[in-house]
4 protein chains.
Amino acid sequence: MAVRAAVAGASGYAGGELLRLLIGHPDVEIGALTGHSNAGQHLGALQPHLLPLADRVLEPTTADVLSGHDVVFLALPHGQSAAVAEQLGPDVLVIDMGADFRLQNSADWETFYGSEHAGTWPYGLPELPGARAALGGTKRIAVPGCYPTAVSLALAPAYAAGLVEDEAVIVAATGTSGAGKALKPHLLGSEVMGSMSPYGVGGGHRHTPEMIQNLSAAAGRRVSVSFTPTLAPMSRGILATCSAKAAPGVTAEAVRAAYEKAYADEPFVHLLPEGQWPATASVYGSNAVQLQIAYDASAGRVIVISAIDNLTKGTAGGAVQSMNIALGLDEATGLSSIGVAP
Amino acid sequence: MAVRAAVAGASGYAGGELLRLLIGHPDVEIGALTGHSNAGQHLGALQPHLLPLADRVLEPTTADVLSGHDVVFLALPHGQSAAVAEQLGPDVLVIDMGADFRLQNSADWETFYGSEHAGTWPYGLPELPGARAALGGTKRIAVPGCYPTAVSLALAPAYAAGLVEDEAVIVAATGTSGAGKALKPHLLGSEVMGSMSPYGVGGGHRHTPEMIQNLSAAAGRRVSVSFTPTLAPMSRGILATCSAKAAPGVTAEAVRAAYEKAYADEPFVHLLPEGQWPATASVYGSNAVQLQIAYDASAGRVIVISAIDNLTKGTAGGAVQSMNIALGLDEATGLSSIGVAP
Amino acid sequence: MAVRAAVAGASGYAGGELLRLLIGHPDVEIGALTGHSNAGQHLGALQPHLLPLADRVLEPTTADVLSGHDVVFLALPHGQSAAVAEQLGPDVLVIDMGADFRLQNSADWETFYGSEHAGTWPYGLPELPGARAALGGTKRIAVPGCYPTAVSLALAPAYAAGLVEDEAVIVAATGTSGAGKALKPHLLGSEVMGSMSPYGVGGGHRHTPEMIQNLSAAAGRRVSVSFTPTLAPMSRGILATCSAKAAPGVTAEAVRAAYEKAYADEPFVHLLPEGQWPATASVYGSNAVQLQIAYDASAGRVIVISAIDNLTKGTAGGAVQSMNIALGLDEATGLSSIGVAP
Amino acid sequence: MAVRAAVAGASGYAGGELLRLLIGHPDVEIGALTGHSNAGQHLGALQPHLLPLADRVLEPTTADVLSGHDVVFLALPHGQSAAVAEQLGPDVLVIDMGADFRLQNSADWETFYGSEHAGTWPYGLPELPGARAALGGTKRIAVPGCYPTAVSLALAPAYAAGLVEDEAVIVAATGTSGAGKALKPHLLGSEVMGSMSPYGVGGGHRHTPEMIQNLSAAAGRRVSVSFTPTLAPMSRGILATCSAKAAPGVTAEAVRAAYEKAYADEPFVHLLPEGQWPATASVYGSNAVQLQIAYDASAGRVIVISAIDNLTKGTAGGAVQSMNIALGLDEATGLSSIGVAP
């Protein structure tokens, strides 16, 4: 029997990508679609690539509209999910694609988001140690941020195996869809094409505490993270270059062995053969993660590079993967590990 | 029981896109993959986005390797398909993704390709009048060129309904994957990014006689085509702007009605609602065709604009769609009408 | 002695490009810079590429601020130039980069802009027959639209020499800067990268009557224009593909000879050697126009392709070139015919 | 009297950019232009943006052709400059845009380039301590690599002022022109558009020892560098994200003060106002360097981000700037600090 799913925030990039995946999901029937300023409009005018849903009309985001579904996905601005979730009742699977329930530390939330912390839900990154078990049967899922997905999968095995020291340095490039559909001058095509630029430098990006949380859990001790995000002239994709000092005595072979072991059975995380490097194009539109590692003996650092599609594995694909686990479906249902390239 | 399919020319863009679709096709089992200069290499090094086939090794393109399959796709340079096809026997479904068997007129072939004409096979554009019937049960299919796909679907209904005069003017923009993986200076990223440029201007492009053939068939008389292709700074997509003088007495309503009727039952051709225009991003990675029409009363012309993905509907998706028809499968099996956007 | 120039609308793309050129103009001293919603801000925050002017502060666009200059450039929204120009007095050279004074036919203005027509000023496209003479010593200049610049220079010689018939068909691709800095969803980087799409199809684009005006003047009779603009994934550049039926008896040689003669002495219009085609990258940031022609004997059409930088020759460079003529300076002062490529 | 300059390697991207600058240099007359496989061709076919030189014909790269000039620029493959330079005599100013004479340590050369070290010439990065003085009157100049230009200017002040610890971590994104015009599959437009990917990870990039050399000289002690270059979907530009642990007691104010002092009098290096971040678009086609700094108190790191145009300040502009110094001209002659944006 089909799972009935509603999507709150269906007009944005995260909502659109989620619908792209749900249309092809064999066990899901798409129910209510809601928007805020776009309520009343046809989806075809807002998401012209979603042809099978072109005639669907967006409804307002209310508990009434969202009730009566088995699963409700929330793709809402920060801080709005808790109020909606409360009204949906404990038996509905609520999957929050925003930040509200990702952080365990309320002080971090308050520092980075400036409001009261709504709580912490099971974390939808099943490839992290212990995460998959926590998702089985749950009725509440916090989908990770796109950068934390790329970075945590890149560095967690090194921290879990004790191969690197406490201070991680991360520089990541994202496609512009990561910034959403907001009408801001620096997101205009004329500004972004042909240009690379950083933002949120110096610890200010809201995804930093989420990375610290994940890597510290893997390490079993507090890990510090220096994170610099950059905006790249492409629509989709994250390339994360992550490094940390190698622990004493670590060898390239030990690093490789740890990653091979960590991801041997994962359907979506692929450690590439030696000599081949990740490219965001290779995971375009797919739920796959491409990883490669290097040990720089001269600088004494372990470098791990990951590529994901920020909208798929980084947002909507991760949400569907976690939903599958929570519902007891095969984890890969409705998801592809094949990129659309070139 | 699964259909066993071999792909000759698996290292190029057409072959890669075909494999992307065949991996997800529920009735197909992927058999031999062949290459020329790349024989012996792992597919993972050549097509890093095709993760499920990464460990497959390319074999040389010989009849021996290709035999023993139910379907053989040929993604070979012009002029090489006939020799291979002859050796495969009449019971194998051979689908040529090259130009060799598209043209009916041998003189056209000789003018544009400079060699002896190999023959004419059933034409794999089922949305053209009569084409679908000719594909049912056939053992030989000529997949249309990417530009002729976009242009013929745009203008055939107008010619079939007698709405426009004989001289069509077409300007189309293509993504660079349409030019293949050949190492030519003008295809380097540094040259194409941020630039638009034309090529094959003045009737010289090899796809012109194929357009004339299709539009003349629809019109029931000889149609002339002025075709100017341009190279756009994107990997995929064709946007074709096609126009012709309106026949006397034609109205905007009559034009719209003809297109609505022509494509009412087509699973992949979508006439957009009035006021919405095609964009190549909306059909990225999909087998869909987006169409819109305008009647310019001042200039007296009917303008039809189509958007396709040159690698999907324009090449590999068209091939799979035709294969489905030839094998008696549902025509849309393994194909999507949803674009990967933004 | 330096010419003192003010720029109204210095925060937009046209104003920014104008300032880029004026900084390097040896006879110009940059005076007041004005903005509307940005008044009071530093130019460095709005135009970070204009380092020498980073500390300049935008003033409000008032006659008071703009008075006391030898030249005033107006880069304002449509319909706002007349009121400002009136207050500046007849001795100031006023150069309008908007549309207000381009059209000779008031009915055209009212049809396409929906307001009262402000008048007609000497037209700043000196390469058109008679235009250069009208610019010498003038105190009012209407800078042409970007598309009409590319299209008129492409087709005027053919019409002037009687080589083509009355109906021109034009398809042009523009970079997104042609749409300005307005915050519209379809101009977001995520939407435009990797996509081609049309707009204003069917005669609706406001530049159409300007093209008709120029080509009709060249032809000495009414020429009709079918114009389809498309948005390309690049910041700058226009590639215009222009064609018309060849007049009876016309030869390829006659066409080439007409263009060689028309542009033999022009410093910025370059007919490329046969076999070489224009590319927008080649004129990036330059005031040059690249042209190439083809005669398609089979379709019976003359095809002319032009490439310009929409912000330079198409807007700000054309404005400076016309200013030079009006002031009696060397026409090429402060302008380059060299593109920034690759 | 004009300086006569020859360019060996005029058909590549570095040679083309150099010619773009030299055409506009008021004191330079362009003499012989040479190529290797392109000798005999018109420059217009190879560098279509250099309209004023379109009719020049490339000559073979021989001492005979290059003799009789005041300045000879060498834009040749690695290892070929020494043989040419020897034949030109000690009175000709020879400016090597390749790597041959950049490194002081012969062992580094041999490790990274695998051939015998040709020697060390004065280093053409005048903004480094002591470098400007060494360039005055010299007859031999080694132009820095593009990455070392961006990275050394970003970090040298911090090392010179003792503000950071020994281990620098650098991740940089480059436009594809940095890889030259070589016909390699991964440089095709279809591959690079929409994709970010790393290369030379783990210490393998040949620019690493040059960075170590420059930063160690600034620090007065051996600095280690972990350098990861990435290829971005744009033609031009380098964005370098550089960081190191802050030395004990360092404050954000102290860091800012050190950079303000280091670059106060530099015509091309611009420390941006606080809150504004570099973007490669802002320095497109210019010789400017944009810098911004951050102190991440939580991670304890100083982060410096620089943006340059790899072909201008990173190659040809740096060469012209150094030539100006060597010849006693004003250092900024023929160079612009204004980017071509958007």
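Naming: A, B, ... by sequence-line order, numbering from 1 per chain.
Using modelled atom types, one finds no donor on one side chain facing an acceptor on the other under 3.5 Å when comparing D/S190 with B/S177.
In this structure, chain B has a heavy atom under 4.5 Å from the backbone of D/A182, while its side chain stays farther away.
Residue B/M193 comes nearest to D/V192 through the heavy atom pair CE-CG2, 3.9 Å, listed as atom of the first residue, atom of the second, then distance.
Note: B/L183 leads B/L183, B/L187, B/T176 in heavy-atom pairs under 4.5 Å with chain D.
Counting non-hydrogen atoms of other residues, nucleotides and ligands closer than 6.0 Å to NE2 of B/H36 gives a total of 12 or fewer.
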